[in-house]
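To keep things clear, I will list the structure first and then write my remarks on it.
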Amino acid sequence: MDDVAVTLTINGATRTVRTDVRTTLLDLLRERLHLTGTKKGCDHGLCGACTVSVDSERVVSCLTLAVSIDGAEVVTVEGLADGDDLHPLQRAFIEHDGFQCGYCTSGQLSSAHAMLREHARGDLSTESFTSGCATVCSGRVALTSAEISERMAGNICRCGAYANIVAAISAVAGDQP
Amino acid sequence: MDCGRVLNPKLARNQVMGGITFGLGMALLEQVPYDAHTAQLIGEYYVPTHADRPEFDISFIDGADYALDPVGVRGIGEIGTCGVPAAIANAIFHATGKRLRDLPITLEQLMTPFDEGA
């Protein structure tokens, strides 16, 4: 396959890379740009470890062909912190012990980051429909533990640190207006 | 949990939560479904995710056990798994009268007709 030039803005920096059309965003990030914070878990879209945001929407980067998002803005776990200042989610994960081995953590963080934005703009989950018609219609669903668990269900943590991950996200969600 | 002296309560609790989650997966989800005749995979291996996680109520006896080592600790990794599949299988027996001895206990197994006396 002929190499194709792909231009992406990754964590604020614009990069142009010539790559095979079959290259996934995950492999481009890890193998070509050496942004190894994004992890390869199952490599077929089941585990969520490779979650990054593309134009602010979370995607599994292992199932996203790099050429298909030419010109997009990508944020990886490396782009969450502001220099040495950790993102509130990262601080909350440390405070609430939201991990054991840490392999799923970058995916959990990236996913949670995009999930909070989804919630803020009024996206619903299946869990939202347990809270009654009025709440669903107003689009202002409270981010309860059950709501966070449902929205984060695409990210698997084999160590089972789920409760602490949800506690960490709750703490950050509670701080937001 | 009796795991000797608890040196790091935060870590210990996280380990037990992980163990219980492992047990939940063992009891209800985790299997490699394959066709016995062709040995081909016919499904996926499910593990518990966020939405499967129960509420936890974990406490420690926190008594030093010097029989094992001078620090008074015991290993805690994965010990939380023990008993979880049995507890879930017993709860299913209590609720349905069906004594299922193969893990994971799936909906298909529960829906198979059975004799109450058996």
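Chain letters run A, B, ... following the sequence lines, proteins first and then strands; every chain starts at 1.
Contact residues of residues 74-89 of chain B toward chain A are absent (heavy-atom distance under 4.5 Å). When the heavy atoms of residues 44-54 of chain B are compared with those of chain A, the residues falling under 4.5 Å are B/E44, B/Y45, B/V47, B/P48, B/T49, B/H50, B/A51, B/R53, listed by number. Using non-hydrogen atoms only and a strict 4.5 Å limit, no part of residues 68-81 of chain A faces chain B.
Ionic pairing of A/K40 and A/D27 is present here: one or more N-O contacts between side-chain nitrogen and carboxylate oxygen are shorter than 4.0 angstrom.
When atom types are taken as modelled, the side chain of A/R32 and the backbone of A/R18 share a donor-acceptor pair closer than 3.5 angstrom. Not a single donor-acceptor pair under 3.5 Å links the side chain of A/K39 to the backbone N or O of A/G102. Remark: the backbone N or O of A/T36 is paired with a side-chain donor or acceptor of A/R30 at under 3.5 angstrom. Of the possible donor and acceptor atoms, none in the side chain of B/D35 sits under 3.5 Å from a partner among the backbone N and O of B/Q40. Side-chain N or O atoms of B/D2 include none that pairs as donor or acceptor with a backbone N or O of B/I61 at under 3.5 Å. Although no hydrogens or angles enter the test, the distance criterion places a donor-acceptor pair under 3.5 Å between the side chain of A/R91 and the main chain of A/L86.
Judged by distance alone, the side chains of A/T130 and A/E127 do bring a donor and an acceptor atom under 3.5 Å apart. Defined by atom type and a distance below 3.5 Å, a donor-acceptor pair is present between the side-chain atoms of B/N90 and B/R99. When only modelled atom types and interatomic distance are considered, A/Q100 and B/N14 share a side-chain donor-acceptor pair under 3.5 Å.
No more than 12 heavy-atom neighbours from other residues, nucleotides or ligands sit within 6.0 angstrom of OH on B/Y34.
Neither the backbone nor the side chain of A/I148 comes within contact range of chain B, judged by heavy atoms closer than 4.5 Å. Residue contact with chain B, scored on non-hydrogen atoms closer than 4.5 Å, involves the side chain of A/Q108 exclusively.
When each of A/E150, A/M152, A/H96, A/R158 is scored by its heavy-atom pairs under 4.5 Å with chain B, the top score falls to A/R158.
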Check: Can you list the steps and then say if A/F99 with A/C159 is a side-chain contact (heavy atoms from CB on, under 4.5 Å)?
Finding: CA-CA 8 Å; A/F99 27 61; A/C159 302; over 6 Å; no

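By the 4.5 Å heavy-atom criterion applied to side chains, A/L89 and A/L116 are counted as neighbours.
The side-chain contact (heavy atoms from CB on, under 4.5 Å) search around A/H119 returns A/L143, A/R151, not counting sequence neighbours.
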